[in-house]
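Structure record follows, encoded as C-alpha cells.
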Amino acid sequence: MAGKRSAQSRRSGCPLNASVEMLGDRWSLLIIRDMMVRGYRTFKEFLSSDERIATNILADRLRRLEGHDIITAEPDASDGRKLLYRLTAKGVDLAPVLTEMVLWAAAHEGTGNQALVRLIQKDKAKFLAEVRNRLTPPATK
C-alpha cells in the first residue's frame, strides 16, 4: 500500500508512535483542522489562521503531510502558480480522531469555538458524515 513505512524505519512498531511520526506536531494537526473545518486549501489561507504559523514551518508541514499521503497538492486551474491542497482518503480518515480531540479538550480545558463543540456534541455521527461528504471527491464517493 502506498505511503506505508515499515516498522524498521520508525523508532518503534507502536501504532501511536507511527501516528505521531506521521503527524509530527501541532502544526500538522492544525493544518488538517483548517482543511476539515474551515475548508482551507491554499498556502495563504493556512497563513491566515489565528495560530500564525511561520511560512517555513507551514511549507515543511505541507511537504511532510504530502509525503505521508495525508494530503495532495495540485496546481490551481485558474492560476497555475498556486497550489491547492486536498485531504486524501487517509487524511479524511483523521476526522473522527480530531473530533475526539476537540471533545476531549473542551471537556477538560477552557477552549473557544463552543459553537463547533456544541455542533459535534449534538450529533457527532452527522457532523462526521458531513465532513466526510464535503471532503471526499465525487469520483470516490
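Keep in mind that this is a model prediction, so the values were computed, not measured. The analysis underlying the following values was restricted to heavy atoms, covering all of them including side chains, and did not include hydrogens, waters or symmetry mates.
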Could you measure the distance from the [atom1] atom of [X] to the [atom2] atom of [Y]? Nearest 0.5 Å is fine.
{"X": "Leu94", "Y": "Leu29", "atom1": "CG", "atom2": "CG", "result": "8.0 Å"}
{"X": "Leu65", "Y": "Leu23", "atom1": "CG", "atom2": "CG", "result": "7.0 Å"}
{"X": "Ile120", "Y": "Phe127", "atom1": "CD1", "atom2": "CZ", "result": "4.0 Å"}
{"X": "Met22", "Y": "Ser28", "atom1": "CE", "atom2": "OG", "result": "11.0 Å"}
{"X": "Leu84", "Y": "Arg41", "atom1": "CG", "atom2": "CZ", "result": "4.5 Å"}

Nearest heavy-atom pair of [X] and [Y]: which atoms, and what distance?
{"X": "Leu83", "Y": "Pro75", "result": "CD2-N, 3.9 Å"}
{"X": "His68", "Y": "Glu21", "result": "NE2-O, 4.1 Å"}
{"X": "Val92", "Y": "Met36", "result": "O-CE, 4.0 Å"}

task = With sequence neighbours left out, write down each residue that passes side chain to side chain contact (heavy atoms under 4.5 Å, CB included) with Glu130, or none if nothing qualifies.
result =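 Applying side chain to side chain contact (heavy atoms under 4.5 Å, CB included) to Glu130 gives Lys126.
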
message = Under a 3.5 Å distance rule, please check whether Ser48 uses its side chain to pair with a backbone N or O of Glu45 as donor and acceptor.
response =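 Confirmed, Ser48 side chain pairs with Glu45 backbone.
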
inquiry  = Determine whether Glu51 and Trp27 satisfy the following criterion, side chain to side chain contact (heavy atoms under 4.5 Å, CB included), listing intermediate values before the conclusion.
reply    = CA-CA 9 Å; Glu51 293 83 11; Trp27 295 116; 3.7 Å; yes

Please answer: with hydrophobic residues joined when any side-chain heavy atoms are less than 4.5 Å apart, are [X] and [Y] in the same cluster?
{"X": "Val20", "Y": "Ile70", "value": "no"}
{"X": "Met101", "Y": "Ile31", "value": "yes"}
{"X": "Ile32", "Y": "Tyr40", "value": "yes"}

key: side chain to side chain donor-acceptor pair (under 3.5 Å): pairs with one or both residues in residues 93-106, sequence neighbours excluded   =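 Sorted result for residues 93-106: Asp93-Arg132, Glu100-Lys124.
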
query = Got a sec, which pairs hit side chain to side chain donor-acceptor pair (under 3.5 Å) with one end in residues 105-116, sequence neighbours left out?
reply =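 For residues 105-116, and leaving out neighbouring residues, the side chain to side chain donor-acceptor pair (under 3.5 Å) pairs sorted by first residue read Thr111-Gln114.
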
query = With a 4.5 Å heavy-atom cut-off, do Met35 and Phe46 have their side chains touching?
reply =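 When only atoms from C-beta onward are counted, Phe46 and Met35 do touch, with a gap below 4.5 Å.
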
query = Are any non-hydrogen side-chain atoms of Lys82 and Lys44 less than 4.5 angstrom apart?
reply =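 No. Closest side-chain heavy atoms not under 4.5 Å.
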
message = Does either side chain, that of Thr88 or that of Asp69, offer a donor lying less than 3.5 Å from an acceptor on the other one?
response =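 Looking only at side-chain atoms, Asp69 and Thr88 do not form any donor-acceptor pair under 3.5 Å.
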
Which pairs would a plain distance check flag for residues 54-64, meaning a side-chain donor or acceptor within less than 3.5 Å of a matching protein atom at least two apart in sequence or in another chain?
{"from": "Arg61", "atom 1": "NE", "to": "Asp25", "atom 2": "OD1", "distance (Å)": "3.2"}
{"from": "Arg61", "atom 1": "NE", "to": "Asp25", "atom 2": "OD2", "distance (Å)": "3.0"}
{"from": "Arg61", "atom 1": "NH2", "to": "Asp25", "atom 2": "OD2", "distance (Å)": "2.6"}

query = Can you list the residues that meet the side chain to side chain donor-acceptor pair (under 3.5 Å) rule with Asp50, with sequence neighbours excluded?
reply =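 Residues passing side chain to side chain donor-acceptor pair (under 3.5 Å) with Asp50: none at all.
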
task = Could you pull out all residues at least two apart from Gln121 that satisfy side chain to side chain donor-acceptor pair (under 3.5 Å)?
result =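 Partners of Gln121 by the side chain to side chain donor-acceptor pair (under 3.5 Å) criterion come out as none, since no residue qualifies.
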
request  = Determine, for Arg86 against Glu66, whether the closest basic-nitrogen to carboxylate-oxygen distance falls under 4.0 angstrom.
outcome  =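 Salt bridge between Arg86 and Glu66, a charged N being under 4.0 Å from a carboxylate O: no.
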
